[in-house]
Amino acid sequence: MIEYRGSRWPAVGVALGTLVLSGLAVGPAQAATTPAPLSMVAATGTVTAERYAVKGEPAYVSLDLGMHLIAGRDAFEVRARRAGYDKPITATRTVVKNGRKTQVKLPAGTVKDFTGLKDFTTITIKDKAGKTVTSYQTSFCGNSYSTGRTRRDAPATSPYPADCGGYSPNPFRLGAVWGVQAGWDSAVDDRPRSETQLSKLTAGTYTATATVNKKYRSMFGIPAAKAAATVAVKVVDVKTDEGGIEAARAADARAAGPVAAAGHDEHGLHTEQGDASRQVSSYLSEFRAAASRPATVKATPQGPKPDLRSLPAWGISLTQGEDEKTGKTNGKWYVNFGATVWNAGTSPLVVDGFRRTGTEKMDAYQYFFDAKGKQVGSKAAGTMQWDPREGHMHWHFTDFAQYNLLAADKKLAVRSGKEAFCLANTDAVDYTIKGAKWRPDNTSLATSCGANTVVAVREVLDIGNGDTYSQDRPGQSFDITNLKNGTYYIQVKANPSNHLAELTTKNNTSLRKIIIGGTAKKRTLTVPAVHGITG
């Protein structure tokens, strides 16, 4: 997987802005010249790369070239989408003509997945004699955690997502938006797909050049003079052991952004960070539950509503049970899976819980909004309950989804023990739909689920975003120990009790076929592709 290193340069925004402004003064001369759609800039003239090596193992080089692409007069924006899972991804570039935004189609095959524009940049590293030591290509999307203004007159904020989205193992994504705000910068990915390409570097001095490849220069109208930048690289050896190498890798992963470094919790994408994650999620005003229970409406208001859709189960695997005390296998077999429900509607799903005094239960209410975002009503939507188990310790909404394993005749065979959920925007499923929130605030359990000391909590699933749970624990994954061999279906069902009001409930259920075989001592699992996707 390609790492997007958007947060490696927390202090570069100021230095880079000064550099650009000193070379491109804001004034009549600049106004008369239309800046390039994207310009490559090196933040500094020289960087140091640390080389970690132990005998018998390839060296690990921690490289940070500090290369950035800066958007010109208009934002650089690309939208990628597929009409169906068996359809190719098509992409358009947003272009401003006569003050209006239009979508210009990119050549067929330009975008093949949702990790970004493949082979966008070539990184070439040469030794003192001018001989190429290594050369490789990297992808680019523009979305970044540390993007910032590089011109004083640039817009104050950026609307674009904070990451490219390719980190997610979910294979059923539908649409992505990548962009760099006008006058803002985005870090260029400088890591090769294979570490061994950098292991060729020994201690010494080199020259590294980052160049936008000709295909994209022509496609986006980037002048050759603005498409490349060079930096001197000093490689130094660091005395270490295998543990030191792993520590360096981990540090680079953390610098690549919060998601790249995240562990896997029950959502499969984010890790709770101790007590801090259990604080009330009201540090953002939009996530503060109302002060009191709302007056409810008899009929669901007309207007915008969420539309919960279930993606096919993914990441399906077979594991053998283990005894908690001895660690030895206990004869049980489990089917693990990832399940995602996303919001394709015209309104976010907003659910507030109000505690029943002295209990560990809340009454839940769904809120409704008009086209301008004004709250217009609410209705009862089930309950929330406190989950005191280790790894949870937050409030779960009990009426969001249900997971079942159905037999070949579509009758229930096994029901997952997972019956309650903390809503969080873990997956960008389709950011090309109208109203999609590209920068959701509640992206993990740390921002969304509340502590046991609160009297109210708000949980939100924004438009275009999905909530993924990885079912890999006994009691939540499917126990197939006593099931006969044959065909089964993993059913993911959103809004199972119909307590939530939606645009439609016709797309709430998905089925994913699996085939169980083998013997009691050695079960087997086959997962046929769906819509051509094997994930």
Side-chain angles (χ1 to χ4, degrees), residues 1-6 37-38 69 76-95 103-123 135-144 160-180 186-194 197 210-222 227 256-257 259-260 269 311-312 314-315 338 340 342 344 427-433 436 438 464-466 468 527-535:
M1 182 182 296
I2 298 170
E3 293 182 351
Y4 293 95
R5 308 164 70 79
L38 287 173
L69 281 165
F76 175 81
E77 180 181 300
V78 172
R79 298 183 177 220
R81 196 177 192 279
R82 54 185 172 189
Y85 295 119
D86 54 351
K87 304 293 184 182
I89 298 174
T90 59
T92 61
R93 179 188 173 198
T94 303
V95 177
Q103 298 298 317
V104 177
K105 288 185 178 181
L106 300 187
T110 296
V111 176
K112 296 183 178 180
D113 58 33
F114 292 115
T115 62
L117 297 167
K118 187 177 181 182
D119 296 338
F120 185 88
T121 314
T122 294
I123 308 293
S135 182
Y136 51 89
Q137 299 186 89
T138 63
S139 297
F140 178 75
C141 86
N143 301 345
S144 173
Y160 297 107
D163 56 76
C164 296
Y167 65 83
S168 174
N170 188 337
F172 293 103
R173 192 171 185 181
L174 288 166
V177 175
W178 306 315
V180 186
S186 178
V188 173
D189 180 23
D190 56 21
R191 298 294 301 188
R193 293 180 177 88
S194 171
Q197 288 185 275
T211 307
V212 177
N213 289 326
K214 185 176 180 181
K215 168 186 174 181
Y216 292 105
R217 296 201 304 266
S218 299
M219 189 181 300
F220 300 127
I222 304 171
V259 175
L269 290 172
L311 298 182
W314 53 274
T340 305
W342 73 291
D427 286 57
V429 178
D430 191 352
Y431 276 3
T432 66
I433 65 175
W438 297 348
N465 289 275
T468 291
V527 184
V530 57
H531 304 299
I533 295 175
T534 58

*Does the side chain of T340 come under 3.5 Å of the side chain of D427 through a donor N or O and an acceptor N or O?*
no
*Nearest 0.5 Å please: distance from the CZ atom of F120 over to the SG atom of C141.*
10.5 Å
_Closest heavy-atom pair and its distance - A176, R173_ = CB-NH2, 3.7 Å
*Could you tell me the separation between the CG atom of D430 and the CZ atom of F172, rounded to the nearest 0.5 Å?*
15.0 Å
*Would you check if D189 and F140 make a side-chain contact, meaning some heavy-atom pair closer than 4.5 Å?*
no
*Where do N170 and W342 land on the side chain to side chain contact (heavy atoms under 4.5 Å, CB included) test, with the steps shown first?*
CA-CA 12 Å; N170 188 337; W342 73 291; over 6 Å; no
_If I compare all heavy atoms of S135 with all of Q197, which pair ends up nearest, and what's the gap?_
O-NE2, 3.5 Å
*asked:* For the NZ atom of K112 and the CZ atom of R82, what is their distance to the nearest 0.5 Å?
replied: 15.0 Å
*Do other residues, nucleotides or ligands put more than 12 heavy atoms under 6.0 Å from the NZ atom of K118?*
no
*In terms of side-chain heavy atoms, does T121 have a donor or acceptor partner in Q137 at a distance below 3.5 Å?*
no
_Distance (rounded to the nearest 0.5 Å) between L174 CG and R81 CZ_ = 6.0 Å
*With the side chain counted from C-beta on, respond yes when V530 and Y85 share a heavy-atom pair under 4.5 Å apart, and no when they do not.*
no
*Report the relative orientation of the aromatic rings in W438 and Y160; use parallel for angles under 30°, tilted for 30 to 60°, perpendicular for over 60°.*
parallel
_Non-hydrogen atoms of N465 and A428 that approach each other most closely_ = OD1-CA, 4.2 Å
*asked:* Is the distance from the ring center of F76 to that of F220 below 6.0 Å?
replied: yes
*Would you check if the side chain of N213 reaches a backbone N or O of D119 as a donor-acceptor pair within less than 3.5 Å?*
yes
*Grab the two heavy atoms, one from T432 and one from A80, that are nearest each other, plus how far apart they are.*
CG2-O, 3.6 Å
*Point-to-point distance, once rounded to the nearest 0.5 Å, from CG of N143 to CH2 of W178*: 9.0 Å
*Once you round to the nearest 0.5 Å, how far does CG of L69 lie from CD1 of I222?*
7.0 Å
*After noting the C-alpha distance and the side-chain angles of E77 and V177, does the key distance pass the side chain to side chain contact (heavy atoms under 4.5 Å, CB included) rule?*
CA-CA 7 Å; E77 180 181 300; V177 175; 4.3 Å; yes
*For side chain to side chain contact (heavy atoms under 4.5 Å, CB included), just list the numbers for L106 and M219, CA-CA rounded to whole Å, side-chain angles, deciding distance to a tenth of an Å, and then say yes or no.*
CA-CA 8 Å; L106 300 187; M219 189 181 300; 4.0 Å; yes
_Any V527 side-chain heavy atom under 4.5 Å of T534 side chain_ = no
*Measure across I123 and A210 and return the closest heavy-atom pair with its distance rounded to 0.1 Å.*
CD1-CB, 3.7 Å
*Would you name the heavy atoms of G142 and S186 that are closest together and state the gap between them?*
O-OG, 2.8 Å
*Begin from the C-alpha positions of Y216 and T110 and carry the test side chain to side chain contact (heavy atoms under 4.5 Å, CB included) through to its verdict.*
CA-CA 10 Å; Y216 292 105; T110 296; 4.2 Å; yes
